[in-house]
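Quick notes on the structure that follows.
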Amino acid sequence: MTVSNTSKRRQPSLAQLRAFSAVAEHLHFRDAAAAIGMSQPALSGAVAALEDTLGVTLLERTTRKVLLSPAGERLAVRAKAVLEEVGALLAEAEAVRAPFTGALRLGVIPTVAPYLLPTVLRLVHDRYPDLDLQVHEEQTANLLEALTTGRLDLLLLAVPLGMPGVVELPLFDEDFVLVTPLGHPLGGRSGIPREALRELNLLLLDEGHCLRDQALDICREAGRADAPVTTTAAGLSTLVQLVAGGLGVTLLPRTAVRVETTRSDQLLTGYFTEPAPTRRIALAMRTGAARRAEYQELAVALREALRPLPVRVLGTGN
């Protein structure tokens, strides 16, 4: 039997690939070592062993910085893909062995987390007691990057995302309401036309929040040409307090109203005429996720758990 040179060649270990991938990401040995919980000498040794195994130089080391060599640039992509596939294999095995056990890393956007997490956590505690739910709050762009690179398993956020490789599991639609200070002519009214947004001093979240983009879209649909950016805030709580202080008005999703507006007696809530501006909230997972069936079951359970909230729960066909 003839044995090829390729089969005789030594195989790199997962530890070596993990060390090299961390250095390729951070371009810094100390930061890379901390990121994967390895000592710096062990990390350096693992990368050197990988270079020896592959017979190529992966890094260009100087006294001040670390750079990827041309070969390192190419092989870093392969190493990352191998590690992702190994992670998917382990997740598949875990899902087959015992569904709804082990870790589930859930990413949530800030304009959803305070209002839906109590329901999510209660559901997981009651129905899936062996599931280790780990929650990470980030803006949409960061969550999607973490999902596609395998650092997160599932997202809870506003859709549509329009992102290849990501599957959306719609949960519900909810209306936006207009929050104003006391004495505002639209405060507490019902049947507010969207066109009223053309003339209002609308306060927004900082850039990067999807709720800001949704508010701007609503303004454009109402015929407002300019972007109202006089004052912004990092979170909805601050935004509502700015409204209470008389600096303007803002749009809140219905799930946030009870939490945010009860903190001040200087606020009024107005409701738009039908159809009111809305947003859709969904779970999002990678296409072909190993635990796809679990995530779909979780979506069904969440829809039922969310029915007491002021939302319109959706079916699987929405």
Side-chain angles (χ1 to χ4, degrees), residues 3-98 101-108 110 130-155 165-166 208 285-286 288-291:
V3 180
S4 68
N5 290 334
T6 301
S7 61
K8 291 179 181 178
R9 193 175 302 156
R10 287 181 297 163
Q11 300 290 316
S13 69
L14 290 177
Q16 292 169 356
L17 293 176
R18 195 170 292 112
F20 168 57
S21 186
V23 174
E25 178 181 353
H26 295 277
L27 295 178
H28 195 286
F29 277 95
R30 185 178 66 247
D31 293 347
I36 62 174
M38 181 182 283
S39 70
Q40 192 170 332
L43 179 115
S44 299
V47 174
L50 179 62
E51 290 178 316
D52 183 56
T53 297
L54 298 177
V56 296
T57 299
L58 300 172
L59 304 176
E60 297 177 4
R61 303 164 177 84
T62 70
T63 55
R64 293 187 177 181
K65 57 185 176 181
V66 176
L67 298 175
L68 290 175
S69 69
E73 292 275 4
R74 293 174 57 183
L75 295 180
V77 177
R78 296 284 188 181
K80 182 178 179 181
V82 168
L83 293 172
E84 288 176 353
E85 285 301 317
V86 170
L89 181 147
L90 295 174
E92 184 81 45
E94 184 177 13
V96 170
R97 184 169 61 251
T101 61
L104 194 163
R105 300 164 298 177
L106 175 68
V108 191
D130 296 324
L131 189 64
D132 177 19
L133 185 64
Q134 302 170 7
V135 178
H136 304 264
E137 185 184 67
E138 292 276 0
Q139 293 182 5
T140 300
N142 293 335
L143 291 181
L144 287 172
E145 191 273 335
L147 180 71
T148 55
T149 57
R151 290 188 288 110
L152 291 177
D153 304 309
L154 195 63
L155 306 182
V166 176
M285 63 181 176
R286 289 183 296 278
R291 303 170 74 177

Reported [atom1]-to-[atom2] distance for the pair [X] and [Y], which is rounded to 0.5 angstrom:
X	Y	atom1	atom2	result
Thr149	Leu83	OG1	CG	12.0 Å
Arg105	Asp132	CZ	CG	11.0 Å
Met38	Ser44	CE	OG	10.0 Å
His136	Arg151	NE2	CZ	9.5 Å

Kindly give the heavy-atom pair with the smallest separation between [X] and [Y], and that separation in Å.
X	Y	answer
Glu138	Pro110	O-CD, 3.2 Å
Leu147	Leu152	CD1-O, 3.6 Å
Pro12	Leu54	CG-CD2, 4.5 Å
Gln16	Thr53	OE1-OG1, 4.1 Å
Leu131	Arg291	CD1-NH2, 3.5 Å

Check residues 71-80 and write down every donor-acceptor pair under 3.5 Å in which the side-chain atom is one partner and the other belongs to a residue at least two apart or another chain.
none

For residues [X] and [Y], determine if any side-chain heavy atom of one lies less than 4.5 Å from a side-chain heavy atom of the other.
X	Y	result
Val23	Leu58	no
Leu155	Thr140	no
Leu59	Phe29	yes
Asp153	Arg286	yes

Item to check | Worked verdict on Asp52 versus Arg10 for side chain to side chain contact (heavy atoms under 4.5 Å, CB included) | outcome: CA-CA 10 Å; Asp52 183 56; Arg10 287 181 297 163; 2.9 Å; yes

Checklist entry - Quick one: does Ser21's side chain have a donor or acceptor within less than 3.5 Å of a partner on Leu17's backbone? => result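 Not confirmed, Ser21 side chain does not pair with Leu17 backbone.
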
